[in-house]
Amino acid sequence: MQQRGFEIITAYLDADISLPTRQTAHSAGYDMEAAAAVVLQPKSVTMIPTGLKAYMREDEYLGVHIRSGFSFKNQVSLINSQGIIDADYYNNPDNEGHILIGVFNYGTKAISVKKGDRIAQGIFSKYLRVDADIADNTRTGGLGSTGK
């Protein structure tokens, strides 16, 4: 029985995408790479594709964090500080659960990101529910699909 991990989405199966790995035995995060070359324009947000989706247990999420070296060297951060990938985002009908990394470039120069650059890291975590939790809706789409 699979518990948690990463897969390549259908659109990127032939794109030579690397599955995320931890770099050391004590690393918490799995490094994610850019699936394509992109340019991060100054003072703007760019979505970087990973070509990945993640599966996990229903009481877990994948926290997505920018890699500190990438952030410090380039004056960039995730637009939402930390991305949250819910368990039911996996294989959703809109985008198959494709993990996109929204990066804001604070600098004054464009930054070129090459395919294969390690840009973010994912950390699987459990979460708790409050007593009498009644959330029983079903995800119907991809990014931002659970409402405003």
Side-chain angles (χ1 to χ4, degrees), residues 3-130 135 137 139-148:
Q3 295 183 27
R4 68 193 61 82
F6 297 95
E7 295 175 353
I8 299 168
I9 66 167
T10 305
Y12 285 82
L13 283 176
D14 296 325
D16 195 30
I17 303 297
S18 299
L19 291 176
T21 59
R22 294 182 314 127
Q23 297 302 304
T24 70
H26 298 289
S27 295
Y30 289 83
D31 287 347
M32 292 186 272
E33 301 175 355
V38 296
V39 176
L40 310 178
Q41 296 297 332
K43 310 294 184 208
S44 64
V45 177
T46 305
M47 297 298 277
I48 304 174
T50 65
L52 301 169
K53 58 185 174 178
Y55 59 90
M56 65 213 78
R57 293 179 176 180
E58 68 179 29
D59 63 344
E60 296 177 342
Y61 69 94
L62 177 68
V64 178
H65 309 267
I66 198 142
R67 292 191 71 243
S68 57
F70 178 62
S71 177
F72 293 135
K73 290 175 188 172
N74 296 295
Q75 297 180 325
V76 299
S77 69
L78 291 183
I79 189 61
N80 59 342
S81 184
Q82 173 187 258
I84 302 290
I85 308 297
D86 298 312
D88 62 355
Y89 188 65
Y90 176 76
N91 278 341
N92 74 74
D94 279 1
N95 66 4
E96 199 182 337
H98 189 191
I99 299 170
L100 301 165
I101 310 297
V103 176
F104 185 81
N105 177 356
Y106 289 94
T108 58
K109 297 179 181 169
I111 298 163
S112 293
V113 175
K114 297 184 295 280
K115 180 184 182 303
D117 283 353
R118 294 181 298 154
I119 54 170
Q121 55 185 323
I123 300 173
F124 289 96
S125 298
K126 282 198 166 294
Y127 64 89
L128 304 174
R129 297 181 181 117
V130 300
N137 295 327
R139 178 179 296 277
T140 59
L143 190 65
S145 66
T146 56
K148 296 179 182 185

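Just so it is clear, the model here is predicted, and its values are computed rather than measured. FYI, the numbering just counts along the sequence from 1.
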Under the criterion side chain to side chain contact (heavy atoms under 4.5 Å, CB included), I'd like the reasoning laid out for Arg129 against Asp59: C-alpha separation, chi angles, the key distance, then a yes or no. CA-CA 9 Å; Arg129 297 181 181 117; Asp59 63 344; 4.3 Å; yes
About how many Å separate CG of Asn91 and CD1 of Ile9, when rounded to the nearest 0.5 Å? 10.0 Å
Which residues pass the salt bridge (Lys or Arg N to Asp or Glu O under 4.0 Å) test with Glu33, sequence neighbours left out? none
Surrounding NZ of Lys126 (heavy atoms of other residues, nucleotides or ligands, distance under 6.0 Å), is the total greater than 12? yes
Go through the steps to decide whether Phe124 and Arg57 satisfy the test side chain to side chain contact (heavy atoms under 4.5 Å, CB included), and finish with yes or no. CA-CA 10 Å; Phe124 289 96; Arg57 293 179 176 180; over 6 Å; no
Walk me through whether Asn95 and Tyr89 qualify under side chain to side chain contact (heavy atoms under 4.5 Å, CB included). CA-CA 9 Å; Asn95 66 4; Tyr89 188 65; 2.8 Å; yes
Note, Val39 side chain near Thr46 side chain (heavy atom, < 4.5 Å): no
Could you tell me which non-hydrogen atom of Met56 sits nearest to which non-hydrogen atom of Ile85, and how far apart they are? SD-O, 3.8 Å
Does atom CD of Glu58 have more than 12 heavy-atom neighbours from other groups under 6.0 Å away? no
Donor-acceptor pair, side chain of Tyr106 and main chain of Asn74, under 3.5 angstrom: no
Scanning both residues in full, the closest heavy-atom pair of Leu62 with Ala54 reads CD2-CB, 3.9 Å
Would a distance-only check, ignoring hydrogens and angles, find a side-chain to backbone donor-acceptor pair under 3.5 Å from Asn105 to Leu40? yes
Rounded to the nearest 0.5 Å, how far does NE2 of His65 lie from CD1 of Ile101? 10.5 Å
Just verifying a value: how many Å separate Thr50 OG1 and Ile8 CD1, rounded to the nearest 0.5 Å? 10.0 Å
Residue Phe72 excluded, over 12 heavy atoms near CZ under 6.0 Å: no
With a 3.5 Å distance limit and no angle check, can you tell me whether Ser71 reaches the backbone of Val76 through a side-chain donor-acceptor pair? yes
Do the side chain of Ser27 and the main chain of Arg22 share a donor and acceptor less than 3.5 angstrom apart? no
Which pair of non-hydrogen atoms, one from Met32 and one from Val64, has the smallest distance, and what is that distance? CE-CG1, 3.8 Å
Would you give the length of the straight line joining atom CG of Leu52 to atom CZ of Phe6, rounded to the nearest 0.5 angstrom? 7.0 Å
Go through the steps for Phe70 and Val113 under the test side chain to side chain contact (heavy atoms under 4.5 Å, CB included), then give the verdict. CA-CA 10 Å; Phe70 178 62; Val113 175; 4.0 Å; yes
Could you report the tightest heavy-atom contact between Ile17 and Lys115, atom names first, then the distance? CD1-NZ, 4.3 Å
Side chains of Val38 and Pro49, heavy atoms from C-beta outward: is any pair under 4.5 Å? yes
Enter the distance from Gln82:CD to Ser77:OG here, rounded to the nearest 0.5 Å. 13.0 Å
Mark yes or no for whether Asn92, through its side chain, and Asp94, through its backbone, hold a donor-acceptor pair below 3.5 Å. yes
Around Lys43, counting heavy atoms of other residues, nucleotides and ligands shown, do more than 12 lie under 6.0 Å from its NZ? yes
In this structure, CD1 of Ile66 is separated from CD of Gln121 (nearest 0.5 Å) by 10.0 Å
Does a side-chain heavy-atom distance below 4.5 Å link Ile119 with Arg67? no
Identify the heavy atoms of Ile123 and Gly29 that sit nearest to each other, and give their distance. CG1-CA, 3.7 Å
Which atom pair, heavy atoms only, marks the closest approach of Ala35 to Tyr12? CB-CE2, 3.5 Å
